[in-house]
Amino acid sequence: MGPGPSDVAPSVLQAMSRPLVGHLDPAFVNLMEEVKAMLRQVFLTQNEMTFPVSGTGSAGMEFCFVNLIEPGDEVVIGVNGVFGMRMCDVAERCGARVTRVEAPWGNIIEATQIAAALEKVSRPKFVAIVHAETSTGALTPVEEISRLAHQAGALFLLDTVTSLGGCPVRIDEWAVDAVYSGTQKCLSCPPGLAPVSLSPRTLEVATRRKTKVQSWYLDVNLLSSYWGQERVYHHTAPVSMNYALHEALRLVLAEGLENRWRRHEANHFALRNGLEAMDMKIVSQAGHQLWQLNAVGVPAGADEAAVRKQLLASYNIEIGAGLGPLKGRIWRIGLMGETSRKENVDAVLAALREILKG
Ligand SMILES: Cc1ncc(COP(=O)(O)O)c(C=O)c1O
């Protein structure tokens, strides 16, 4: 019940133990096509360039940034937690001039802040934000920021590592140009792949750039020859991870996206109500709290680390600690994918009740 990886269904683990085939085997090629089609359904997009990058969520982040940024480009990035900071670091390594739009940790990035920043940037290449900040439990609304980015002639890039599969993510409806995610959060698959999607317009920007993409491994121009129709060897696909993702996506779609979102919502409220009955609360910005990652304020007098240790040692429940300015002040309780279950909510509440009373 930490900030990911989440629990994984037995059938996903079984899929990983299936015999290997070659990464150009017709059976595998068929599976790749099914993974791409299911990812489009989960991202709610028609984008042809939708596939899983080999690597964890951070590889998805780097994929988007290295393909879009050329040295000297101006970009605007929302920073309200660890992952906005990581985006800035990656963008600077690509040679971008970064304008940071900062909000206190636990708060969302306001569209008005992005509008103000865009007035000061002459030619923004893109605006990037983290949809669900796993380090703080805040969910930033996307649509108005997307509109402002486009109005300024910029692309709009979204991190959905923690949101995808756990709450609404509507790539085409929100006009998101580039998006990445991870497998180990609300998709409930082990860590190791990073689903990404680029709109046709974004792909054109990436393919018409003047300088070579500085990463060979993540260059979409090369990767598209393997994930597209040509099937040219680029790198050896992580075959077993793709088996796992195929099964995890099948389970997501069998449950239904709306049902899955509702399940995450219901379990969040069950946790929140239980915490409130114990005089505890979720501390991220009211009205914008994530369903899948709950930032719980540590009550006065409680030893943050000792409680977490006892939860693990005596109750076999793992939760996360706060990071950065929230270190020592919050616990992060994940209710992601398979982990988002009423029994888990009841178990963590009962354990906290016992530990804190003692
Ligand atoms: C919002 C967000 N973005 C990016 C990442 C990086 O993903 P990974 O740790 O899989 O590389 C994470 C990981 O927790 C995340 O929560």
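Without hydrogens or angle criteria, Arg329 side chain to Gly297 main chain gives no donor-acceptor distance under 3.5 Å. Remark: the backbone N or O of Glu255 is paired with a side-chain donor or acceptor of Asn259 at under 3.5 angstrom. In terms of modelled atom types and a separation under 3.5 Å, the side chain of Gln289 and the main chain of Ser284 share a donor-acceptor contact. Using a distance-only test at 3.5 Å, with no hydrogens or angles considered, a donor-acceptor pair links the side chain of Asn80 to the main chain of Asn107. Judged purely by atom type and a 3.5 angstrom limit, Glu230 has no side-chain atom pairing as donor or acceptor with the backbone of Val232. Between the side chain of Thr134 and the backbone N or O of Pro3, no donor-acceptor pair lies under 3.5 Å. Formation of a donor-acceptor pair under 3.5 Å by the Ser340 side chain with backbone atoms of Gly337 is not found in this model. Within the 3.5 Å criterion, the main-chain N or O of Lys210 finds a donor-acceptor partner in the side chain of Glu70. Here the side chain of Tyr233 pairs no donor or acceptor atom with the backbone of Leu24 at under 3.5 angstrom. Of the possible polar contacts, none joining the Glu48 side chain to the Leu198 backbone as a donor-acceptor pair under 3.5 Å is found.
Arg40 contributes atom CZ, which lies 8.5 Å from atom CD of Gln46 (distance to the nearest 0.5 angstrom). Rounding to the nearest 0.5 Å places CG of Leu203 at 6.5 Å from OG of Ser224. Separating the OG1 atom in Thr202 from the CG atom in Leu68 is a distance of 6.5 Å, to the nearest 0.5 Å. Rounding to the nearest 0.5 angstrom, the gap separating the CG atom in Leu148 from the CD atom in Gln113 is 12.0 Å. Atom-to-atom distance recorded for Lys125:NZ and Cys94:SG is 10.5 Å, nearest 0.5 angstrom.
Crowding of Met85 atom CE: a count of heavy atoms from other residues, nucleotides or ligands under 6.0 Å not exceeding 12. No more than 12 heavy-atom neighbours from other residues, nucleotides or ligands sit within 6.0 angstrom of CZ on Arg93. By the 6.0 Å contact criterion, CD on Glu144 is enclosed, its count of non-hydrogen atoms from other residues, nucleotides or ligands being greater than 12.
Counting only heavy atoms from C-beta outward, the side chains of Met280 and Leu356 approach each other to under 4.5 Å. You'll find the side chain of Ile129 stays beyond 4.5 Å of the side chain of Leu157, heavy atoms only. Side-chain atoms of Leu335 and His264, non-hydrogen and from C-beta on, never get closer than 4.5 Å to each other. Side-chain atoms of Leu257 and Trp261, non-hydrogen and from C-beta on, do get closer than 4.5 Å to each other. You'll find the side chain of Pro238 reaches within 4.5 Å of the side chain of Leu193, heavy atoms only. Under the 4.5 Å side-chain criterion, counting only non-hydrogen atoms from C-beta, Trp331 is in contact with Val298. Using a 4.5 Å cut-off on side-chain heavy atoms (C-beta onward), Trp291 and Asn267 make no contact. Between Val127 and Ile145, some side-chain heavy-atom pair lies under the 4.5 Å cut-off.
His131 pairs in a ring-ring contact (aromatic ring centres under 6.0 Å, His included) with only one of the listed residues (Trp174, Phe43, Tyr180), which is Trp174.
Salt bridge Glu33/Arg231: present, at least one basic N to carboxylate O contact under 4.0 Å. Salt-bridge formation is not detected for the pair Glu34/Arg250: no Lys NZ or Arg NE/NH1/NH2 atom is positioned less than 4.0 Å from an Asp or Glu carboxylate oxygen. Salt bridge Asp177/Arg201: present, at least one basic N to carboxylate O contact under 4.0 Å. For Arg123 and Glu74, the salt-bridge test fails: no basic side-chain N is under 4.0 Å from an acidic carboxylate O. With salt bridges taken as basic N to acidic carboxylate O contacts below 4.0 Å, one links Glu92 and Arg100. Taking the charged nitrogens against the carboxylate oxygens, Glu304 and Arg308 do have a contact shorter than 4.0 Å, which makes a salt bridge.
Pairing each heavy atom of Pro52 with each of Trp227, the nearest pair is CD-CH2, 3.5 Å. Summarising the geometry of Asp7 relative to Glu338, their closest heavy-atom pair is O-CB, 3.3 Å, with the distance given to 0.1 Å. Minimum interatomic distance between Met336 and Gln292 (heavy atoms only, all atoms of both residues): CG-O, 3.4 Å. Ile108 and Ala103 get closest at one heavy-atom pair: O-CB, 3.3 Å. Contact detail for Lys185 and Ser6: the closest heavy-atom pair is O-OG, 2.7 Å. Nearest heavy atom pair, residue Cys189 against residue Val8, reads C-CG2, 3.9 Å.
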Problem set entry | Verdict with reasoning, Asn67 to Thr207, per side chain to side chain contact (heavy atoms under 4.5 Å, CB included) | CA-CA 8 Å; Asn67 281 294; Thr207 48; over 6 Å; no
Exercise. Would His288 and Thr140 count as a side chain to side chain contact (heavy atoms under 4.5 Å, CB included) if you check the C-alpha gap in whole Å, the side-chain angles of each, and the deciding distance to 0.1 Å?
Worked result: CA-CA 7 Å; His288 300 286; Thr140 292; over 6 Å; no
For this session: Mind running side chain to side chain donor-acceptor pair (under 3.5 Å) on Asn47 and Ser197 for me, showing each step along the way?
Result: CA-CA 7 Å; Asn47 290 340; Ser197 183; 2.9 Å; yes
For this session: Check the pair Arg332, Ile319 against side chain to side chain contact (heavy atoms under 4.5 Å, CB included), reporting the backbone distance first and the verdict last.
Result: CA-CA 6 Å; Arg332 291 183 301 149; Ile319 64 169; over 6 Å; no
Exercise. Passes side chain to side chain contact (heavy atoms under 4.5 Å, CB included), Leu218 versus Val213? Steps please.
Worked result: CA-CA 8 Å; Leu218 295 172; Val213 174; 5.9 Å; no
Exercise. Step by step, would you call Thr112 with Glu110 a side chain to side chain donor-acceptor pair (under 3.5 Å)?
Worked result: CA-CA 5 Å; Thr112 49; Glu110 298 284 352; 5.0 Å; no
Exercise. Checking side chain to side chain donor-acceptor pair (under 3.5 Å) for the pair Gln14/Arg18: CA distance, chi angles, key distance, verdict?
Worked result: CA-CA 7 Å; Gln14 276 157 15; Arg18 287 208 299 260; over 6 Å; no
For this session: Tell me, with the steps shown, if Phe126 and Phe65 meet ring-ring contact (aromatic ring centres under 6.0 Å, His included).
Result: CA-CA 10 Å; Phe126 61 70; Phe65 281 65; 5.3 Å; yes
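Between the side chains of Tyr315 and Gln310, not a single donor N or O lies within less than 3.5 Å of an accepting N or O. Between the side chains of Ser163 and Thr160, no donor N or O sits under 3.5 Å from an acceptor N or O. In summary, the side chains of Thr339 and Arg341 do not present any donor paired with an acceptor at a separation below 3.5 Å, with no hydrogens or angles considered.
Taking the ring centroids of Trp216 and His234, they lie under the 6.0 Å cut-off. Aromatic pair Phe51/Phe63: centroids less than 6.0 angstrom apart.
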